[in-house]
Protein chains: 2
Amino acid sequence: MDKKEEILKTALKLFVEFGFHATPTSKIAKEAGVANGTLFHYFKTKEELILVLYSQTKTRLTEYMYTNASKDESLELVFKTIYTNTIEWAQENKTEFYFIQQFSTSPFYGLISPEEINKQAKPHLDFLRDGIKAAVIKPMPVDLLYTLINSHIAGINQYLSSQEFSTAKQKKIINESFQLLWDMIT
Amino acid sequence: MDKKEEILKTALKLFVEFGFHATPTSKIAKEAGVANGTLFHYFKTKEELILVLYSQTKTRLTEYMYTNASKDESLELVFKTIYTNTIEWAQENKTEFYFIQQFSTSPFYGLISPEEINKQAKPHLDFLRDGIKAAVIKPMPVDLLYTLINSHIAGINQYLSSQEFSTAKQKKIINESFQLLWDMIT
DNA sequence: ATATTTGTAGACTGATTAGTCAATCATTAT
DNA sequence: ATAATGATTGACTAATCAGTCTACAAATAT
């Protein structure tokens with residue numbers, strides 16, 4: 001399954017660089033070093049390729065978010081770990097993160113089933129509900145909370161990507177902006 | 001200049017509904033009720049049409065943001081007016097707002113000159129700098145502040161668009177989320 | 001009135017596109 | 001060994017695309 005991976009990897013890169021509109025399948029195949037037909041062997045249509053790419057990438061991010069977030073710790077610490085993980089992943093996988101955003105604000109997003117969207121969001125919403133029940137997080141609609149947190153993270157990430165920061169400086173920004181967010185929601 | 005407006009209006013709608021990749025100029029012309037050649041009379045290329053559409057729409061939003069934000073009022077009140085204006089505009093011009101987001105997270109955004117980006121952001125950054133000087137807003141990089149505020153607004157707007165709220169409920173959400181943001185940055 | 005520019009039309013084109021197909025090649029199962 | 005299955009190829013096609021061109025109409029200037 002080496003070629004399939006190569007196609008996905010190349011497609012991701014080209015979509016981010018040139019956009020969906022200006023990335024022909026022929027270019028993807030060529031740059032991936034496979035024949036035209038091979039692409040369509042693995043993906044029935046260009047659209048399917050795009051959708052698979054999104055689901056896969058989004059899943060990878062979601063999985064990474066919860067690494068080392070052991071439930072034994074305090075709610076704040078777990079939340080901070082998830083927060084930090086997310087920004088770290090975004091910084092280390094800029095193309096992937098940008099692709100997720102590009103996809104999410106495109107008409108393609110409407111093709112993702114509500115089930116899949118809910119499935120992706122569920123762990124986060126559950127976590128926030130726990131936080132409210134424990135009277136740590138302010139009582140408000142979890143959907144609103146979730147959107148607010150996501151937007152905040154997107155913002156921080158945009159800022160971190162806009163300039164070159166040293167690792168130390170970067171850590172400082174992440175810590176401080178976490179505190180802003182945490183104070184806002186608790 | 002009726003037809004030019006019609007082309008822009010139709011293009012906006014179609015780009016949001018189908019995306020850049022799946023909106024041929026022929027479809028825009030047809031739905032706008034003009035001939036194919038007319039579109040290219042007003043816009044040299046499809047790309048130019050897209051760029052003009054963005055600049056125009058972004059300018060309209062920026063102008064609307066400052067309506068009734070008289071500098072005589074307190075900083076908080078001015079900021080709240082701008083905040084409320086923005087969300088109101090976004091809610092009343094959902095297609096336009098969505099287009100701005102779609103464009104901003106697409107490779108087309110890279111074609112906007114730094115001058116134009118700075119020009120659009122300048123009034124906002126100046127305002128924030130004043131707020132910091134007046135010791136009202138927390139001292140931090142204005143770029144970070146700006147990004148954070150923008151993201152917050154995008155989030156609230158997304159939430160407001162996700163469900164149908166009554167006008168009263170909507171106002172309540174806007175007020176409360178403003179308070180969250182204001183507390184966060186002051 | 002006449003000339004000039006500007007707006008509008010839509011048929012047309014050359015290039016490009018997504019996707020197909022028939023034919024090999026590689027791998028695994030029998 | 002032989003059969004069967006899946007992977008891979010690249011030439012091919014039918015459709016579509018952005019953009020051109022010629023012609024004419026309307027408005028404006030001289």
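Keep in mind that this is a model prediction, so the values were computed, not measured. By convention in this document, chain letters (A, B, ...) are assigned in the order of the sequence lines, proteins followed by strands, and residues within each chain are numbered from 1. Just so you know, these numbers use all the heavy atoms, side chains as well, and skip hydrogens, waters and symmetry mates.
- Rounded to whole angstrom, the span from the NE2 atom of A:His21 across to the C1' atom of C:dA18 amounts to 17 Å.
- Not one side-chain nitrogen or oxygen of B:Lys27 sits closer than 4.0 Å to the OP1 or OP2 atom of D:dC17.
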Q.
For a side-chain contact (heavy atoms from CB on, under 4.5 Å) check, start with the C-alpha distance between A:Gln170 and A:Ile173, then their side-chain angles and the critical distance, and finish with the verdict.
A. CA-CA 5 Å; A:Gln170 196 162 312; A:Ile173 294 167; 5.6 Å; no

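- Summarising the geometry, the separation between CG on A:Leu39 and P on C:dT20 is reported as 12 Å, rounded to the nearest angstrom.
- One interatomic measurement links the two molecules: CG of B:Asn36 to C1' of C:dA11, which rounds to 10 Å at whole-angstrom precision.
- Taking 4.0 angstrom as the limit, B:Thr38 places none of its side-chain polar atoms (N or O) nearer than this to OP1 or OP2 of C:dG7.
- Between A:His41 and D:dT8, a side-chain N or O to OP1/OP2 separation shorter than 4.0 Å is absent.
- A:Phe108 has its ring centre no less than 6.0 Å from the ring centre of A:Tyr54.
- Between B:Phe40 atom CZ and C:dT13 atom P the separation is 17 Å, expressed in whole Å.
- Atom-to-atom, NZ of B:Lys3 to C1' of C:dG7 comes out at 9 Å; the value is rounded to the nearest Å.
- We find that CD1 of B:Ile7 is positioned 10 Å from C1' of C:dT8, with the value rounded to whole Å.
- Look at A:Tyr42 and you won't find any side-chain N or O under 4.0 angstrom from OP1 or OP2 of D:dG6.
- In this structure, B:Glu47 places its CD atom 8 Å from P of D:dG19, rounding to the nearest Å.
- A cation-pi arrangement is found for A:Lys27 relative to A:Phe18, the charged atom lying closer than 6.0 Å to the ring centre and inside a 45° cone about the ring normal.
- The interatomic distance linking B:Asp2 (CG) with C:dA9 (P) rounds to 11 Å, in whole Å.
- The existence of a salt bridge linking B:Glu31 and B:Lys13 is confirmed by a sub-4.0 Å separation between a basic side-chain nitrogen and an acidic carboxylate oxygen.
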